Participant: 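I have a structure I would like to understand better, so I am pasting it below and will then ask my questions one at a time.
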Amino acid sequence: DTGVSQDPRHKITKRGQNVTFRCDPISEHNRLYWYRQTLGQGPEFLTYFQNEAQLEKSRLLSDRFSAERPKGSFSTLEIQRTEQGDSAMYLCASSLWENEQYFGPGTRLTVT
Amino acid sequence: AQTVTQSQPEMSVQEAETVTLSCTYDTSESDYYLFWYKQPPSRQMILVIRQEAYKQQNATENRFSVNFQKAAKSFSLKISDSQLGDAAMYFCAYRSAWGGGSNYKLTFGKGTLLTVNP
């Protein structure tokens, strides 16, 4: 297994466009997390799945954001009507229950 | 809510020397986990070391060790015999240990950028 993968690695979009990111966790991991990291800050929790169920959403996740994890496998994070403030690195992590979280390389979003 | 503070935005060390990165945290919980993560430039974050709050013994992983002071809510990372490959952003992170709370999410500090000089 090669670890957590994310696609794309970089995305440049114009304000107002929709974007979707994908995360493929380590195959046997039942928990999947999304974090957002802005310049000069540590990652901040966005949302969390246990299998296919989304169990927690941060208040950072406005109604323009939606995440899914169909069949408890890969996950997608969609941002609608992007704003310049959405520019950040979006990190995905996975774990087997409460064990160590393994992070992916992230998707860097730039909104122009 | 828990908070994690890293007061050193940047640190530098000479190759083969020892450096200590500081971290303090605030929590009302009695049981939790603390972590140090390393994020090299343009590479993914990896776990360096972890400490369970109920353990009095400080965790060590090869050249990496921590000084965990529970009463002072302090959790510093010591890197011995620093190597060029240690250059990275280092994040201190907290996670609750109990179900019913936020025992699944990590709360990170702002990070410390470590430079290793040859």
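Computed from a predicted structure; not experimentally measured. Protein chains get the first letters and strands the later ones, always in sequence-line order, with residue 1 at the start of each. Only this structure's heavy atoms are used, side chains among them; waters, hydrogens and symmetry mates stay out.
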Participant: Does NZ in B:Lys70 sit with more than 12 non-hydrogen atoms of other residues, nucleotides or ligands closer than 6.0 Å?
Facilitator: yes
Participant: State, to 0.1 Å, how close B:Leu106 and A:Gln101 come at their nearest heavy-atom pair, and which atoms those are.
Facilitator: CD1-OE1, 3.5 Å
Participant: Is B:Arg95 reaching over with its side chain to a backbone N or O of A:Glu98, donor-acceptor style, under 3.5 angstrom?
Facilitator: yes
Participant: Counting only heavy atoms not in A:Asn99 (residues, nucleotides, ligands), do more than 12 fall under 6.0 Å from its CG?
Facilitator: yes
Participant: Are A:Leu96 and A:Phe49 linked, directly or through other ILVMFWY residues, by side chains that come within less than 4.5 angstrom of each other?
Facilitator: no
Participant: To the nearest 0.5 Å, tell me how far B:Lys110 NZ sits from A:Thr38 OG1.
Facilitator: 9.0 Å
Participant: What about the rings of B:Phe108 and A:Phe45, do their centers lie closer together than 6.0 Å?
Facilitator: no
Participant: Is it the case that one hydrophobic cluster holds both B:Tyr90 and B:Leu47, taking links as side-chain heavy atoms less than 4.5 Å apart, direct or via other members?
Facilitator: no
Participant: Taking everything shown except A:Lys11 itself, do over 12 heavy atoms lie less than 6.0 Å from its NZ?
Facilitator: no
Participant: Taking atom CG of B:Leu84 as the centre, report whether more than 12 heavy atoms of other residues, nucleotides or ligands fall under 6.0 Å from it.
Facilitator: yes
Participant: Between B:Gln44 and A:Phe103, is there a donor-acceptor pair closer than 3.5 Å when you use the side chain of the first and the backbone of the second?
Facilitator: yes
Participant: Between B:Gln39 and chain A, with a heavy-atom cut-off of 4.5 Å, which part of the residue counts as in contact: side chain, backbone, both or neither?
Facilitator: side chain
Participant: Out of A:Gly42, A:Ser58, A:Gly104, return the one with the most heavy atom pairs under 4.5 angstrom to chain B.
Facilitator: A:Gly42
Participant: Spell out, yes or no, whether A:Val19 and A:Leu46 are grouped together once hydrophobic residues are joined by side-chain heavy atoms under 4.5 Å, including indirect joins.
Facilitator: yes
Participant: Do B:Tyr33 and B:Tyr37 share a hydrophobic cluster, counting only Ile, Leu, Val, Met, Phe, Trp and Tyr and linking them when any side-chain heavy atoms are less than 4.5 Å apart?
Facilitator: yes
Participant: Taking atom CZ of B:Arg43 as the centre, report whether more than 12 heavy atoms of other residues, nucleotides or ligands fall under 6.0 Å from it.
Facilitator: no
Participant: Please classify the contact of A:Arg9 with chain B as side chain, backbone, both or neither, using a heavy-atom distance under 4.5 Å.
Facilitator: side chain
Participant: With a 4.5 angstrom heavy-atom cut-off, is it the side chain or the backbone of A:Tyr102 that approaches chain B, or both, or neither?
Facilitator: neither
Participant: Which atoms of A:Leu55 are under 4.5 Å from chain B, going by heavy atoms: the side chain, the backbone, both sets, or neither?
Facilitator: neither
Participant: Below 4.5 Å, heavy-atom pairs only: which of A:Met89, A:Gln37, A:Gln50, A:Glu44 has the largest tally toward chain B?
Facilitator: A:Gln37
Participant: With hydrophobic residues grouped by side-chain heavy-atom distances under 4.5 Å, do B:Ile79 and B:Leu113 end up in a single group?
Facilitator: no
Participant: Within the structure provided, determine whether A:Pro105 and B:Met45 are in side-chain contact (heavy-atom separation under 4.5 Å).
Facilitator: no
Participant: Can you tell me how the ring of A:Tyr48 sits relative to the ring of B:Tyr104, calling it parallel under 30°, perpendicular over 60° and tilted otherwise?
Facilitator: parallel
Participant: What part of B:Ser42 lies closer than 4.5 angstrom to a heavy atom of chain A: side chain, backbone, both or neither?
Facilitator: backbone
Participant: Using heavy-atom distances under 4.5 Å, tell me whether B:Phe35 contacts chain A through its side chain, its backbone, both, or neither.
Facilitator: neither
Participant: Drop me the distance from A:Glu100's CD to B:Arg50's CZ, to the nearest 0.5 angstrom.
Facilitator: 8.0 Å
